Amino acid sequence: MTVPFHRGRRLRRTPALRAMARETRLQPSQLVAPLFVCTGRGVRQPIAAMPGHARLSPDLAAREAADLAALGVGAVLLFGIPDAKDDQGSAAWDPDGPVPQAIARIRREAPDLSIWADVCLCEYTSHGHCGVLTADGVDNDTTLPLLARASIAYAQAGADVIAPSDMMDGRVGAIRAALDDAGHAETVIVSYAAKYASAFYGPFREAAGSTPQHGDRRGYQMDPANVREAVREAEADIAEGADIVMVKPGLPYLDVIRAVRERVDVPVAAYQVSGEFSMLHAAAERGWIDLPRAMHETSIALCRAGADLVITYFARELARDFQHRAAGAAAEVRG
Ligand code: PBG
């Protein structure tokens, strides 16, 4: 008699069996597609480090959003690139700025898509920091009302979700109170609760022109060595009114996603950031990795770690693949 051993390969033999044994699934409705919005009309400025992505004027951003909605993508996340910057970042709350204009346009052209507006000052300040700069660094408390002002401008324009990415303390509470006072009690807050001071934001900063003129963001973004602190940040944001919490970047922080998932009851989002996207493209360009497979593998990894939502620059390609596969499966069934 032979010693019985586990035949794990039984469930890997055919695509149908593998599909039945699959533990984690990612649907297009869980995807959030970041878009960079600039001013003007008919403007499309490709971003060199991010193949397939461009800075889009509100009209083209709305067209892109409508395409994403048709593919079943759940939401777009808007980042603004203003014409002019100042030390306060006042273009962030300009009701005629690129983000409010894009929101209004997307609302018309893709009425069912959920619209997320990133809230931060770094794209709008001349110094490139995420808040008000003083001799002692980025001042937390004077930044809060400015973030609240920007949030109201985006909610007013029709955003469903406000997503503060600045990492100031107390901003979720300040934004929640301001939104409620302004009659936007239904507006959702997704907080970038655990946002790390990461090398992987490089291509984004090129795209948004938001590299700090001097210094770095380590005084407000999290230390990559910490995970318990991430849980504390998530809990604090939820206590202040965050409806969804985010971990960012994605792949280098899978343990953080897991830790947060196990400690909170709200949905958890993971952000596969620009550097993660560009890195995969660069390796694929050299023929070193297979891009479509790497795209699927990295996004499902975020879900397996515990993310309910995935913010990714691959949203369009992922959703398109999903549609193709569904069409292929239907054809197979029809014979
Ligand atoms: C703004 C912000 C950044 C990203 C999202 N919001 C850049 C930063 O903190 O420097 C990065 C996103 C990406 O790299 O894809 N604070």
Side-chain angles (χ1 to χ4, degrees), residues 27-83 91-92 94-120 123-124 150 153-163 187-188 190 203-204 206-210 271-274 277-278 281 291-292 295 299 309-327:
Q27 308 267 347
S29 59
Q30 293 166 270
L31 297 172
V32 182
L35 295 180
F36 297 96
V37 191
C38 60
T39 59
R41 276 181 70 93
V43 181
R44 176 181 205 97
Q45 301 171 335
I47 299 161
M50 301 177 69
H53 287 272
R55 299 184 200 90
L56 303 171
S57 51
D59 54 330
L60 297 190
R63 196 179 301 165
E64 176 73 17
D67 287 351
L68 290 163
L71 288 168
V73 169
V76 287
L77 171 60
L78 304 180
F79 293 97
I81 295 137
D83 284 337
D94 177 0
D96 299 320
V99 168
Q101 283 193 8
I103 293 169
R105 197 82 194 228
I106 295 169
R107 197 31 87 233
R108 285 207 303 275
E109 293 179 32
D112 300 327
L113 186 68
S114 129
I115 305 174
W116 297 23
D118 181 270
V119 169
C120 192
E123 298 114 88
Y124 301 93
Y154 307 153
Q156 212 93 53
D160 300 292
V161 171
I162 297 300
T187 305
V188 170
V190 176
F204 173 97
E206 176 219 313
S210 62
Y271 196 150
Q272 182 180 50
V273 300
S274 59
F277 174 83
S278 303
H281 266 280
L291 187 62
M295 160 181 98
S299 46
L309 302 170
V310 176
I311 302 160
T312 171
Y313 299 96
F314 287 118
R316 178 193 262 274
E317 286 70 28
L318 285 166
R320 203 185 278 137
D321 267 15
F322 192 87
Q323 217 174 45
H324 286 160
R325 258 181 299 168

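What you see is a predicted model, and the numbers here were worked out from it, not measured in a lab.
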Nearest heavy-atom neighbours spanning P203 and A49: CB-CB, 3.9 Å

Residues W116, Y154; criterion side chain to side chain contact (heavy atoms under 4.5 Å, CB included); working and verdict: CA-CA 9 Å; W116 297 23; Y154 307 153; over 6 Å; no

Euclidean distance, Q27 CD relative to F322 CZ, rounded to 0.5 Å: 4.0 Å

From CD1 (I103) to CG (D160), nearest 0.5 Å: 9.0 Å

Interatomic spacing from OG in S274 to CD1 in I47 - rounded to 0.5 Å: 9.5 Å

Pairwise side-chain contact, Y313 with S278, heavy-atom cut-off 4.5 Å (strictly under): no

Worked check of side chain to side chain contact (heavy atoms under 4.5 Å, CB included) between Q30 and V310: CA-CA 6 Å; Q30 293 166 270; V310 176; 5.9 Å; no

Check: P82 and D94 side chains under 4.5 Å, non-hydrogen atoms: no

Sub-4.5 Å side-chain heavy-atom contact between D321 and M295: yes

Polar side-chain atom of S57 near backbone of G42 as donor-acceptor pair, under 3.5 Å: yes

Gap between atom CD1 of I106 and atom CD1 of I115 - 0.5 Å precision: 5.0 Å

Heavy-atom pair with the smallest gap, counting every atom of T187 and A155: OG1-CB, 3.9 Å

Audit row: L31, T312, side chain to side chain contact (heavy atoms under 4.5 Å, CB included) steps and yes/no: CA-CA 7 Å; L31 297 172; T312 171; 3.9 Å; yes

L113 versus V73, closest heavy-atom pair with distance: CD1-O, 3.3 Å

4.5 Å side-chain heavy-atom contact, I81 and E123: no

Crowding at CZ, R63 (>12 non-hydrogen neighbours, <6.0 Å): no

Side chain to side chain contact (heavy atoms under 4.5 Å, CB included) evaluation trace for E64 with R316: CA-CA 10 Å; E64 176 73 17; R316 178 193 262 274; 3.0 Å; yes

Minimal non-hydrogen separation, L71 against Q323, with atom names: CD2-OE1, 3.3 Å

Geometric class of the F79/F204 ring pair [parallel <30°, tilted 30-60°, perpendicular >60°]: perpendicular

Nearest-0.5 Å distance, CD1 of residue I311 to CG of residue D118: 9.0 Å

Nearest heavy-atom neighbours spanning P58 and C38: CD-O, 3.1 Å

Gap between atom CG of L56 and atom CG of L78 - 0.5 Å precision: 10.5 Å

Close side-chain approach of R105 to D59, heavy-atom, < 4.5 Å: yes

Minimum-distance pair of heavy atoms, taken over all atoms of M50 and A207: SD-CB, 4.5 Å

Main-chain N/O of G158 paired to R107 side chain as donor or acceptor, under 3.5 Å: yes

Enclosure of R41 CZ (heavy-atom neighbours >12, cutoff 6.0 Å): no

